[in-house]
Amino acid sequence: MIDLQTWGRRLLAATAAVAALTAHAQDYPTKPVRIIAPFPAGSGPDANAREIAAELTKILGQSFFVENRPGASNIIGTEVAAKAPADGYSLYIGTTSSLSVVPHLYAKLPFNAEKDFAPVSLLGVLNTGLIANPSLPVKDARALIAELKAKPDSVTVATAGIGSYSHLSGVWFNNAAGVKTNLVPYNSNSPYTDLMGGQVQAMFDGLPAAAGNIRAGKLKLLAITGKQRHPSFPDVPTFAEAGLPDYAPIAWQGILAPAGTPKPILDKLSAAMQKACQSPELAQRWTEYGGALRCNTPAEFTAFIEADRAMWGKVIREANIKLD
């Protein structure tokens, strides 16, 4: 049995530890904070990471900066983040690919997507569009489905490589619509030049890379995910309107910390993220390219990732796709 004196000492020690953590969180951050980004500088997600870093710098009064660690389907940067000190000074911008898709594609990874991270807050979601060359003789996804049912494999659809977000979105579309498209992997080369040149006819992707060319008439948007039409593309029907109510791929980005980061720090970061999401300028930029700024609590973000990971796991299992 533990005597009262020993119990009292342990209680005092635990109370002191809690007080120290609380004080640490109140002072946090006292030095620059890095946000590890598993994608290259200059990419769309990198730009979003730098925007939120600037907002957090203003809100918390300490420098937040982006450290790019690209490569190997986001695996390199994700491993660096998973093994970083859990002190609040190393954060990570996770994505659909890195935390929802990649864990289902590889049997062995140098990190555990479920256990190695503490979610802080979602940053935003990007609706997926069915983007086409203007010469494709259909006006929307419903017409494309009818065309493919009459002529299977008659439409070439670009992807960023086997297992990429665009590839899996195309696979999901084929299965949901009961059609067959000719999926063309581009791997390290961007398919947009060929898409605009007509060498390939369509692509499933988030809209940041295509929004400007869609508005300029160099590409056309046949459908978009979401429960209702997107305010930036009000004339474009949803996939639900095309008869695919359960087709719902979205690309998300959010801030996480290494597992074990003290909860008071996570809560302070989450509150700062939610304050950042009140920025009209930031919200407008996300809306312009077919997305929505959407910050939340650590618990809400955890539930969001779990649901998204399960959804993509089902798509990948049904397609029997493995990369190792």
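All residue numbers in this chain count up from 1 along the given sequence. In this text the structure is predicted, and so the values were computed from the model without any measurement.
- Under the 4.5 Å side-chain heavy-atom criterion for ILVMFWY residues, a single connected hydrophobic cluster contains both Leu323 and Val102.
- Of the possible donor and acceptor atoms, one in the side chain of Lys322 sits under 3.5 Å from a partner among the backbone N and O of His104.
- Considering only heavy atoms from C-beta on, Phe64 comes within 4.5 Å of Leu269 through its side chain.
- Panel note: side chain Tyr92, backbone Gly77; no donor-acceptor pair is recorded below 3.5 Å.
- Remark: the backbone N or O of Ala283 is paired with a side-chain donor or acceptor of Thr287 at under 3.5 angstrom.
- Not counting sequence neighbours, the partners of Ala272 by the side chain to side chain contact (heavy atoms under 4.5 Å, CB included) test are Leu56, Ile59, Leu60.
- Taking both residues in full, the closest heavy atoms of Arg215 and Phe233 are given as NH2-CZ, 3.8 Å, listed atom of the first, atom of the second, then distance.
- Note: the hydrophobic cluster containing Phe173 also contains Ile316 (ILVMFWY, side chain heavy atoms under 4.5 Å, direct or indirect links).
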Could you walk me through whether Tyr106 and Ser73 pass the side-chain contact (heavy atoms from CB on, under 4.5 Å) test, one step at a time?
CA-CA 11 Å; Tyr106 296 88; Ser73 300; 3.6 Å; yes

Worked check of side-chain hydrogen bond (donor to acceptor under 3.5 Å, both in side chains) between Ser166 and Ser164
CA-CA 5 Å; Ser166 55; Ser164 66; 3.2 Å; yes

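- Remark: side-chain polar atoms of Asn133 are paired, donor with acceptor, to backbone N or O of Leu195 under 3.5 angstrom.
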As a quick check of understanding, evaluate side-chain contact (heavy atoms from CB on, under 4.5 Å) for Leu130 and Phe239, giving each step before the final call.
CA-CA 9 Å; Leu130 173 49; Phe239 284 97; 3.7 Å; yes

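- Sorted by first and then second residue, the pairs that involve residues 223-324 and meet disulfide bond (SG atoms under 2.5 Å apart), not counting sequence neighbours, are Cys277-Cys295.
- Pairs engaging residues 288-300 under the side chain to side chain donor-acceptor pair (under 3.5 Å) rule: Asn48-Tyr289, Gln284-Glu288, Thr297-Glu300 [sequence neighbours left out].
- Thr302 places a side-chain N or O within donor-acceptor distance of the main-chain N or O of Pro298, the cut-off being under 3.5 Å.
- Put simply, the side chain of Asp46 gets close to the backbone of Gly42: a donor and an acceptor are under 3.5 Å apart.
- Phe204 and Val236 end up in different hydrophobic clusters when Ile, Leu, Val, Met, Phe, Trp and Tyr side chains are linked at under 4.5 Å.
- Checked against side chain to side chain contact (heavy atoms under 4.5 Å, CB included), Pro249 has the following partners two or more places apart in sequence or in another chain: Thr128, Tyr165, Ser169, Trp172, Thr225, Tyr247, Trp312.
- For the residue pair Tyr192 / Asn213, no side-chain donor-acceptor distance below 3.5 Å is found, with atom types taken as modelled.
- Although no hydrogens or angles enter the test, the distance criterion places a donor-acceptor pair under 3.5 Å between the side chain of Lys220 and the main chain of Val138.
- Listed by chain and residue number, Val171 satisfy the side chain to side chain contact (heavy atoms under 4.5 Å, CB included) test with Asn175 (two or more places apart in sequence, or in another chain).
- Annotation: side chain of Arg229 is in contact with side chain of Glu241 (closest heavy-atom distance under 4.5 Å).
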In sequence, state the C-alpha distance, the side-chain angles, and the governing distance for Arg285 and Glu281, and then conclude on salt bridge (Lys or Arg N to Asp or Glu O under 4.0 Å).
CA-CA 6 Å; Arg285 283 195 289 274; Glu281 295 81 12; over 6 Å; no

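- Side-chain heavy atoms closer than 4.5 Å link hydrophobic residues (I, L, V, M, F, W, Y) into clusters, and following such links, possibly through other members, connects Phe117 to Trp252.
- When atom types are taken as modelled, the side chain of Thr156 and the backbone of Gln201 share a donor-acceptor pair closer than 3.5 angstrom.
- In this structure, CG in Leu256 is found 10.0 Å from OG1 in Thr95, a value given to the nearest 0.5 Å.
- Cluster annotation: Ile93 is connected to Ile265 through the hydrophobic network of ILVMFWY side chains, with a link wherever side-chain heavy atoms come within less than 4.5 Å.
- If you take CE on Met203 and OH on Tyr186, they are separated by 9.5 Å, rounding to the nearest 0.5 Å.
- Of the possible donor and acceptor atoms, none in the side chain of His167 sits under 3.5 Å from a partner among the backbone N and O of Ala160.
- With sequence neighbours excluded, the residues forming a side chain to side chain contact (heavy atoms under 4.5 Å, CB included) with Asp140 are Arg142, Ala143, Pro237, listed by chain and number.
- Minimum heavy-atom separation, Pro103 to Ala113: CG-CB, 3.5 Å.
- With hydrogens and angles ignored, the 3.5 Å screen pairs no side-chain donor or acceptor of Glu67 with any backbone N or O of Ile36.
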